[in-house]
Amino acid sequence: MRRVLALLGLPLLVVAAGCAPAGSEPSTGGGPAGSADQRFAGFGQRADEVAGAWRPGAAWTGGYLPLQEPTVLLGDPGFSADTEQAFRNGWYREQIEVPTARPADGAIRFPDGTLTVKLLSAAEAYRQLDQGDPPPCEGRPRGPGRPAKPGSGPVVEPGPDGPTVGEGPYGHSVGPNDPASSAPSSACVPLTVTAVTLGTAPVRTSRGEAQVPAWLFTVDELTTKVARLAVADPAAPPDPVAPTGRAPDGVVSAQDLRSVDGAKLTWRVGVGACDTGITPLVQERDDVVVVGGGVVRGTGMCVDLLKLEPVTATLKAPLGNRPVLDVVTGVPLVLRP
């Protein structure tokens with residue numbers, strides 16, 4: 001007998017899978033017999049319930065509620081397989097003294113106005129950014145280099161948005177001409193932070209894309225800065241009001257957003273290892289967009305495995321400030337590029 005996996009609950013093995021089949025079209029539920037719409041007709045009713053229960057509260061339109069991860073790349077990072085793994089896992093080492101003092105209050109700039117907020121120190125932001133050390137392996141440096149002479153460390157200067165930390169003559173990462181650099185690159189080497197300054201980063205929020213104060217970390221191995229959002233107390237997301245009962249058969253949950261490009265959305269759905277016919281499901285309204293996925297369930301014995309499958313659909317109008325809600329849980333989706 002095939003066991004059906006819950007999307008929330010006990011830990012599951014998760015694998016990233018490929019995109020939906022070429023030519024897949026989003027379905028909104030209902031339609032001619034035998035069509036994708038007919039097969040997933042229950043999606044429309046559940047999406048109606050999710051959209052009807054959406055009550056975001058005052059913080060959604062008047063506060064700061066980020067709808068993406070707090071670590072943001074400010075451009076093309078020039079990833080290799082190893083540096084991308086280190087970035088995704090939060091493996092960092094600092095070669096500077098990261099300032100511990102909190103700066104003055106900062107301002108978030110929304111399309112509809114500004115909001116003054118308290119900010120984290122660079123050290124607090126770095127502690128959130130750094131998720132620990134990678135597992136040890138041959139060739140990995142034992143620790144970051146430190147200034148060899150008094151006064152040769154990073155230079156801290158006041159800037160228009162707060163302290164700016166630059167490299168001193170000896171506060172640099174291991175380079176191609178240093179003795180330790182002869183070891184081959186490997187996935188167990190962390191990213192090296194060589195400078196930090198206070199700036200801003202573009203962030204998707206409940207009030208549209210905003211310019212948000214962020215600590216910008218210069219990373220030796222990447223070609224762009226890594227921003228960690230610096231707002232001390234962002235608003236908590238509203239409690240979702242999920243419909244009662246199980247999701248319709250063949251309708252699966254949306255896990256997160258992968259990209260938003262005008263009217264084009266890509267999100268990931270959680271599917272079973274033997275599920276096929278993965279179809280993006282969308283209900284678009286003036287105030288919200290509800291998404292999920294449709295699958296054809298496998299039959300017979302199947303391994304207990306949850307796959308995260310990207311799907312893409314184009315809305316009738318650009319997403320704008322509308323939240324994207326999961327059809328199963330009613331939760332607003334977070335952007336995780």
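Keep in mind that what you see is a predicted model, and the values were worked out from it rather than measured.
A donor-acceptor pair is defined here as one N or O able to donate and one able to accept, closer than 3.5 Å; such a pair exists between the side chain of Asp326 and the backbone of Val328. Side-chain atoms of Thr114 never come within 3.5 Å of backbone atoms of Ile108 as a donor-acceptor pair (strictly under, hydrogens ignored). Between the side chain of Arg55 and the backbone N or O of Pro238, no donor-acceptor pair lies under 3.5 Å. Of the possible polar contacts, none joining the Gln255 side chain to the Leu308 backbone as a donor-acceptor pair under 3.5 Å is found. Panel note: side chain Thr312, backbone Lys264; no donor-acceptor pair is recorded below 3.5 Å. Judged purely by atom type and a 3.5 angstrom limit, Trp267 has no side-chain atom pairing as donor or acceptor with the backbone of Gly293. Although no hydrogens or angles enter the test, the distance criterion places a donor-acceptor pair under 3.5 Å between the side chain of Arg322 and the main chain of Arg285. Thr279 places a side-chain N or O within 3.5 Å of a backbone atom of Gly277 that can act as its donor or acceptor partner. Here the side chain of Glu284 pairs a donor or acceptor atom with the backbone of Ala317 at under 3.5 angstrom.
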| task | Verify side chain to side chain contact (heavy atoms under 4.5 Å, CB included) between Leu281 and Val327, making sure each step is shown before the conclusion. | result | CA-CA 9 Å; Leu281 301 178; Val327 71; over 6 Å; no

| task | Check the pair Arg228, Thr71 against side-chain hydrogen bond (donor to acceptor under 3.5 Å, both in side chains), reporting the backbone distance first and the verdict last. | result | CA-CA 5 Å; Arg228 182 73 188 192; Thr71 301; 2.8 Å; yes

| task | Kindly determine whether Arg297 and Val252 satisfy side chain to side chain contact (heavy atoms under 4.5 Å, CB included), including the steps that lead there. | result | CA-CA 11 Å; Arg297 298 295 189 186; Val252 296; 3.7 Å; yes

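Between the CG atom of Leu115 and the CZ atom of Phe110 there is a distance of 5.5 Å, given to the nearest 0.5 Å. Taken from CG in Leu265 to CG in Leu315, the straight-line distance is 4.5 Å, to the nearest 0.5 Å. The CD atom of Glu309 sits 3.5 Å away from atom CD1 of Ile278, with the distance rounded to the nearest 0.5 Å. Taken from CD in Glu221 to OG1 in Thr192, the straight-line distance is 3.5 Å, to the nearest 0.5 Å. Atom CG of Leu229 is separated from atom OG1 of Thr200 by 10.5 Å, given to the nearest 0.5 angstrom. The distance from atom CG of Asn89 to atom CG of Asp130, rounded to the nearest 0.5 Å, is 11.5 Å.
Checked options Leu325, Val331, Thr329; the residue passing with Val50 is Leu325 (criterion: side-chain contact (heavy atoms from CB on, under 4.5 Å)).
Residues Leu73 and Val226 have side chains in contact (heavy-atom distance under 4.5 Å, counting atoms from C-beta outward). Residues Pro99 and Trp215 form no side-chain contact, since every pair of their non-hydrogen atoms from C-beta on lies 4.5 Å or further apart. Side-chain contact check for Trp54 versus Pro323: some heavy-atom pair is nearer than 4.5 Å. Looking at heavy atoms from C-beta onward, Leu120 lies in side-chain contact with Arg102 at the 4.5 angstrom threshold. At a threshold of 4.5 Å between non-hydrogen side-chain atoms, the residues Leu198 and Leu119 count as touching.
At a threshold of 4.0 Å, the pair Lys118-Asp233 does not count as salt-bridged, since none of the basic side-chain nitrogens sits closer than that to a carboxylate oxygen.
Thr61 and Asp112 make their closest contact through O-OD2, 4.3 Å (heavy atoms, listed as atom of the first residue, atom of the second, distance). Here the closest heavy-atom approach between residue Ala227 and residue Ala201 is recorded as CB-CB, 3.9 Å. Of all the heavy atoms in Leu74 and Thr224, the pair that sits closest is C-OG1, 3.3 Å. Heavy-atom minimum distance, Ala86 versus Val189: CB-O, 3.9 Å. Taking every heavy atom of both residues into account, Arg46 and Pro248 meet most closely at CD-CD, 3.6 Å. Nearest approach of Val72 to Pro202, heavy atoms of both residues: CG1-O, 4.2 Å.
Under the salt bridge (Lys or Arg N to Asp or Glu O under 4.0 Å) criterion, Arg258 pairs with no residue, sequence neighbours left out.
Sparse packing is recorded around CD of Gln45, with 12 or fewer heavy atoms of other residues, nucleotides or ligands lying under 6.0 Å away. For CG of Asp287, the number of neighbouring non-hydrogen atoms (other residues, nucleotides, ligands) closer than 6.0 Å is greater than 12.
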Which pairs of donor and acceptor atoms, one on a side chain in residues 62-70, lie under 3.5 Å apart (sequence neighbours left out)?
residue: Gln68; atom: OE1; partner: Arg204; partner atom: N; Å: 2.8
residue: Glu69; atom: OE2; partner: Arg336; partner atom: NE; Å: 3.2

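In terms of hydrophobic clustering, with Ile, Leu, Val, Met, Phe, Trp and Tyr side chains grouped at heavy-atom distances under 4.5 Å, Val117 and Leu216 are assigned to a common cluster. Cluster membership check: Leu129 shares its hydrophobic cluster with Phe79, using side-chain heavy-atom separations under 4.5 Å among Ile, Leu, Val, Met, Phe, Trp and Tyr.
Between Tyr92 and Tyr126, the ring planes are perpendicular. Angles over 60° get that label, and only those under 30° would be called parallel.
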